[in-house]
Amino acid sequence: MIGNKIRDCYVTAVRELYKQEISPEIIGFEKTKRDIDGDFTVVVFPLIRYSRKSPEVTATELGDWLTDKLPEILKFHVIKGFLNLTMTEEFWLEFLAKEAFSNEFGRSRKPDAAPIVLEYSSPNTNKPLHLGHIRNNLLGYSLSLILEANGYDVRKVNLVNDRGIHICKSLFAYMKWGGGETPESSGMKGDHLVGKYYVLFEKEYKKEICELMTTGMTEEEAAKSADLITEAQEILRQWEAKDPDIIRLWRTMNGWTYEGFTATYDRLGVEFDKVYYESDTYLFGKELVYEGLENRLLERKADGSIWVRFPDEGLDEKLLLRADGTSVYMTQDLGTAEQRYEEYSPLKMIYVVGNEQVYHFDVLKRALRILGKPSAETIYHLSYGMVELPEGKMKSREGTVVDADDLMEEMYRTAEETTRSLGKVDDFPEEEANVLFDTIGMGALKYFILKVDPKKNMLFDPKESIDFNGNTGPFIQYTYARIQSLLRKAADAGSAIPDPRYPKPCHCEERSDAATETSSLVPRPSSLVLQEREIIKLLYQYPSIVEQAGEELSPALIANYIYELVKEYNQFYQEVPVLREEDRGIVIFRLVLSAFAGDVIRKGMGLLGIRVPERM
RNA sequence: GGUCCAGUAGCUCAGGGGAUAGAGCAACAGCCUUCUAAGCUGUGGGUCGUAGGUUCGAUUCCUACCUGGAUCACCA
């Protein structure tokens, strides 16, 4: 990256011109704004205290120095404290020749062998997935791709919450009211069937609480003493005691759910390297707790329950094991964290979990520290914001959720409808058309979710269906398809461009090679038009965007970058002739540029888990 | 009440110690005999929640306050 080179050069410049030492970080280096002449801009305001001269003079002196020392810089001009540098065309053309069609563009390697464990999805098996889970899954999967592009060894992990009181609720409701219903007999998708009983339980439970309250109980008392909840709790105890009937039914119902989940995951296009089940891991957490108790790190209360205390941290205390010996959420999370740490010796363990659980993860980290476990320091909670509806938060219990399967189906149908009404698939075979509808529908959904900063809450209005125009997935996909169409047309017309799908043999070490490619691809240097130059500058940024997205764990950075690139490309496409251009050298050059842009669009969208169509 | 997160155009969102704060949607006006109009161009729309502070410079950093959300469970 030329930025670092220029920064370093600045340090030397300041040393030689002003006899001062500065660190490179204080130098602001950015892409020049579009309406100002130049490629890169350095803000020199921070340097005037070293130069002891006016911003303009400082910028001019530094500009002279840099232009003299760095052959890549053609010229510069100064506006107030902004030093705008213009690179030589040679610089840009060499970049293009070297990186266009390189499969490694935007990918880097890390020598560090320790893996990153990335947990996401982590569903409960008592209900189907909803829009909140979609955000989780899309974020998690995209992050795994981004981290891999940054050279990390990523292990995608799913921890299924398949035990606990909430599971027992649907289990119990099914025992009570199910009447032997199955996915086959009801025609319902397995996870939806199980979810039906969870909702039923909550409904009946709420009813019972209301009845009890009419007898003078407080809501809290009623919630505790209702028959339904005590019976569900009894089921949990029987489960932990491995009662064969309970276990059998639990297996059956979870099986239904997994079938449903698998279908949803497939359609979402996410996957995992390993799936953990809380029912397998929770016992390990219990062991940790008992071990901690023995070592006098934890406390047992009179009723037998076990707690962790946080002395001066303002967090009070937290239950780790109930009086009856059954475990809670925290118990098993302690266990899985430690287990995972031993299994992978990871660099980092990232948990993609909603921001409603920041407190939980704070406690988890501190509890592990108190237990003296080094895994504590590798834990990072990537807390993302909720998806809100116009009426507010989604609640499974109250049925105010946007179901994942329904939403995906709706996206597909909308994509089909829109595409057909535009007459885009009139000449498509049925099969290809169906794939396209899926590509577009899912592209719209994924982009809609991933373009917003993960940590922020976002709004989804079901009444206004997700757009296909403007800053959307389909818009980007469309631009890609248009580029491919252009390349096909060129090939048909016999234009001898290097085929982007067959990367050239790369002997990148040898500079002479790059130079010959440059001369074979590129027209006379003076012919770069504004739109071309803007695209090249954006392409040049791509690797650093990927890097930044990896550091900040934010797919949104990629999404917004691609959008910028696509907008720029569309301007180029609209205003600058490619195939209609007379000069053959320029035609080839513009085709190469287009293919490169298409490549980066495909790569970037790939990092979001979004496919891109050859035609649409 | 404590803690955390957020408040930028009518709506959904970018941006971020520096140049006139950007997109999309919605509204209006143009551009298809020419590389795909799911596109491009233009117009209107902002005291960047409020008040202080730090700074050559604050929408960006700090503090207080206001508003919204989350959380402080023997739910997960």
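A, B, ... follow the sequence lines: proteins, then strands. Residue 1 opens every chain.
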Handout entry: Worked verdict on T41(A) versus T32(A) for side-chain hydrogen bond (donor to acceptor under 3.5 Å, both in side chains)
Key = CA-CA 5 Å; T41(A) 297; T32(A) 303; 2.7 Å; yes

Practice task
Check whether any side-chain nitrogen or oxygen of N469(A) sits under 4.0 Å from OP1 or OP2 of G39(B), and answer yes or no.
Solution key: yes

Practice task
Over all heavy atoms of both residues, which pair between F40(A) and K31(A) is shortest? Give the atoms and the distance, please.
Solution key: CD2-CA, 4.3 Å

Practice task
Report the distance from atom CZ of R300(A) to atom P of C74(B), rounded to the nearest whole Å.
Solution key: 18 Å

Short heteroatom pairs, N/O only, protein and nucleotides 13-15 of chain B, under 3.5 Å:
from   : atom 1 : to      : atom 2 : distance (Å)
C13(B) : OP1    : L459(A) : N      : 2.5
A14(B) : OP1    : D453(A) : N      : 2.6
A14(B) : OP2    : K456(A) : NZ     : 3.4

Practice task
Determine the contact category for K455(A): base if any of its heavy atoms lies under 4.0 Å from a base atom, sugar-phosphate if only primed atoms, P, OP1 or OP2 are that close, otherwise nothing.
Solution key: sugar-phosphate

Handout entry: Closest to the F82(A) side chain, choosing from C75(B), G18(B), C35(B)
Key = G18(B)

Fill in the blank from the handout: Hits for side-chain contact (heavy atoms from CB on, under 4.5 Å) against S421(A), two or more places apart or cross-chain, chain-then-number order -> none

Exercise for the section: Would you mind telling me which of A19(B), C35(B), A76(B) lies closest to the side-chain atoms of T41(A)? Expected result: A19(B)

Handout entry: I610(A) side chain near Q477(A) side chain, heavy-atom distance below 4.5 Å
Key = yes

Practice task
Determine whether any donor atom in the side chain of D303(A) lies under 3.5 Å from an acceptor atom in the base of C74(B), or the reverse, and answer yes or no.
Solution key: yes

Handout entry: Listed partners of R615(A) passing salt bridge (Lys or Arg N to Asp or Glu O under 4.0 Å), at least two apart
Key = D427(A), E432(A)

Completion exercise
RNA chain B nearest-nucleotide lookup for E464(A) and F468(A): closer to the 5′ end is E464(A)

Problem - All side-chain contact (heavy atoms from CB on, under 4.5 Å) counterparts of F45(A), not counting sequence neighbours - result: V43(A), P55(A), F82(A)

Exercise for the section: Round to the nearest Å and state the distance from Q357(A) atom CD to A73(B) atom C1'. Expected result: 13 Å

Only pairs under 3.5 Å count here: list side-chain donor-acceptor contacts from residues 573-582 of chain A, not counting sequence neighbours, and write none if there are none.
from    : atom 1 : to      : atom 2 : distance (Å)
E575(A) : OE1    : Q531(A) : NE2    : 2.5
E581(A) : OE1    : R590(A) : NH1    : 3.4
E581(A) : OE2    : D583(A) : N      : 3.1

Practice task
Report which part of the nucleic acid S122(A) touches: base, sugar-phosphate, or nothing (heavy-atom distance under 4.0 Å, all strands).
Solution key: nothing

Problem - Separation of atom CG in L364(A) from atom C1' in U71(B), rounded to whole Å - result: 16 Å

Practice task
Check the surroundings of atom NZ in K301(A): do more than 12 heavy atoms from other residues, nucleotides or ligands lie under 6.0 Å from it?
Solution key: yes

Handout entry: Nearest-Å distance once atom P is located in both C13(B) and G17(B)
Key = 22 Å

Handout entry: Cation-pi geometry met for K169(A) and Y198(A) (6.0 Å, 45°)
Key = no

Problem - Rounded C1' spacing from U59(B) to A19(B) in Å - result: 15 Å

Practice task
Examine the base of A38(B) for any acceptor or donor lying under 3.5 Å from a partner atom in the side chain of T479(A), and report the outcome as yes or no.
Solution key: no

Exercise for the section: Give one of base, sugar-phosphate or nothing for V328(A), where a contact means two heavy atoms less than 4.0 Å apart. Expected result: sugar-phosphate

Could you give the side-chain donor-acceptor pairs of residues 320-327 of chain A under 3.5 Å, partners two or more places apart or in another chain?
from    : atom 1 : to      : atom 2 : distance (Å)
R322(A) : NH1    : T326(A) : OG1    : 2.9
R322(A) : NH1    : S327(A) : O      : 3.3
D324(A) : OD1    : T326(A) : N      : 3.0
D324(A) : OD1    : T326(A) : OG1    : 2.7
D324(A) : OD2    : R237(A) : NH1    : 3.1
S327(A) : OG     : R163(A) : NH2    : 3.4

Fill in the blank from the handout: Taken in chain and number order and not counting sequence neighbours, the residues that satisfy side chain to side chain donor-acceptor pair (under 3.5 Å) with E30(A) are none

Problem - Given C75(B), C25(B), U20(B), the nucleotide with the shortest approach to the side chain of R322(A) - result: C75(B)

Problem - Contact check, side chains of N457(A) and V387(A), non-hydrogen atoms, under 4.5 Å - result: no

Practice task
Between C48(B) and C31(B), how far apart are the P atoms? Round to whole Å, please.
Solution key: 37 Å

Fill in the blank from the handout: Contacts satisfying salt bridge (charged side-chain N to carboxylate O under 4.0 Å, His left out) that involve residues 36-45 of chain A (not counting sequence neighbours) are D37(A)-K75(A), D39(A)-R533(A), D39(A)-K537(A)

Problem - Non-neighbouring partners of N560(A) that pass side chain to side chain donor-acceptor pair (under 3.5 Å), sequence neighbours left out - result: none

Distances under 3.5 Å only, N/O to N/O: pair up the protein atoms with those of nucleotides 40-42 of chain B.
from   : atom 1 : to      : atom 2 : distance (Å)
C40(B) : O4'    : Q574(A) : OE1    : 3.1
U41(B) : OP1    : Q571(A) : NE2    : 3.1

Exercise for the section: Among C74(B), A76(B), C35(B), find the nucleotide with the atom closest to the side chain of S305(A). Expected result: C74(B)

Problem - Backbone N/O of H133(A) and side chain of N137(A): donor-acceptor pair under 3.5 Å - result: yes

Completion exercise
Side-chain atoms of K80(A) come closest, of U20(B), U71(B), A76(B), to U20(B)

Problem - Spacing of the P atoms in G10(B) and U47(B) (rounded, Å) - result: 8 Å

Fill in the blank from the handout: Letter by letter from the 5' end, nucleotides 54-59 of chain B scores (B base, S sugar-phosphate only, - none; protein heavy atoms under 4.0 Å) ------

Handout entry: Interatomic distance, Y329(A) OH vs A76(B) P [rounded to whole Å]
Key = 9 Å

Practice task
For RNA chain B, produce a single dot-bracket line, 5' to 3'. Pairs: Watson-Crick or G-U wobble, both distances under 3.5 Å. Symbols: ( ) within strand, [ ] crossing, | other strand, . unpaired.
Solution key: (((((((..((((....[...)))).(((((.......))))).....(((((..]....))))))))))))....

